[in-house]
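Note sheet for the following structure.
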Amino acid sequence: MLRHDKEALEFNVTTCGFAEFFRALGEPELGALLVCQTDVDIAAAGQSEVHFDRSQTLMQGAPCCTFRYRFEPR
């Protein structure tokens, strides 16, 4: 956990069973579409109140997944 307050939630994930599974299948690109993309879609459901950024994923070979959420003031 890097940050957790009313304005933002930031954390890195360093292990992922999904990434391990799809790498074992030799299909990390498919895993990125089926698993990682859902994070983007879920954040989009927050409309303009939630902003999501992830610059890298384990699924795509990075050392961690970077989850960065920003919340609009209410």
Side-chain angles (χ1 to χ4, degrees):
M1 186 65 62
L2 303 171
R3 181 177 175 186
H4 186 196
D5 56 46
K6 65 180 182 176
E7 296 173 356
L9 174 63
E10 300 179 358
F11 59 94
N12 294 338
V13 172
T14 57
T15 60
C16 175
F18 293 115
E20 293 170 13
F21 174 76
F22 281 100
R23 280 192 199 151
L25 291 177
E27 295 290 346
E29 296 84 12
L30 179 61
L33 288 172
L34 294 176
V35 178
C36 302
Q37 182 60 37
T38 60
D39 297 324
V40 176
D41 297 335
I42 290 168
Q47 299 175 353
S48 62
E49 294 181 21
V50 178
H51 303 279
F52 175 69
D53 179 56
R54 184 177 49 226
S55 62
Q56 61 184 34
T57 66
L58 290 161
M59 195 79 74
Q60 296 172 318
C64 68
C65 299
T66 55
F67 286 80
R68 306 295 184 262
Y69 295 91
R70 298 274 184 265
F71 308 111
E72 292 296 322
R74 290 181 171 218

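In this chain, residues are counted from 1 in sequence order. Only heavy atoms go into these numbers, but all of them, side chains included; no hydrogens, no water, no symmetry mates.
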Minimum heavy-atom separation for V13 and T15, please, with both atom names. CG1-O, 3.2 Å
Check whether any side-chain heavy atom of E29 sits under 4.5 Å from a side-chain heavy atom of L34, and report yes or no. no
Are the side chains of H51 and E72 in touch, meaning some heavy atoms are under 4.5 Å apart? yes
Do L30 and F18 share a hydrophobic cluster, counting only Ile, Leu, Val, Met, Phe, Trp and Tyr and linking them when any side-chain heavy atoms are less than 4.5 Å apart? yes
Minimum heavy-atom distance T66-S55, with the two atoms named: OG1-N, 3.1 Å
With heavy-atom distances below 4.5 Å as the criterion, would you say the side chains of Y69 and V50 are in contact? yes
Can you find a heavy atom in the side chain of P73 that is under 4.5 Å from one in the side chain of K6? no
Evaluation steps, side chain to side chain contact (heavy atoms under 4.5 Å, CB included), between D53 and R70: CA-CA 9 Å; D53 179 56; R70 298 274 184 265; over 6 Å; no
Joint hydrophobic cluster, L9 plus F52, side-chain heavy atoms closer than 4.5 Å: yes
Check whether any side-chain N or O of Q56 sits under 3.5 Å from a backbone N or O of C64 as a donor-acceptor pair, and report yes or no. yes
Quick one: do L33 and L25 end up in the same hydrophobic cluster if we chain Ile, Leu, Val, Met, Phe, Trp and Tyr together by side-chain heavy atoms under 4.5 Å apart? no
Taking the side chain from R54 and the backbone from D39, do they hold a donor-acceptor pair closer than 3.5 Å? no
Linked, directly or transitively: F71 and V40 (ILVMFWY side chains, under 4.5 Å): yes
Do you know which two heavy atoms are closest between L58 and A19, and how far apart they sit? CB-CB, 4.1 Å
In terms of hydrophobic clustering (I, L, V, M, F, W, Y; side-chain heavy atoms under 4.5 Å; direct or indirect links), are F21 and M59 co-clustered? yes
Shortest non-hydrogen contact between G26 and P28, atoms and distance: C-CD, 3.4 Å
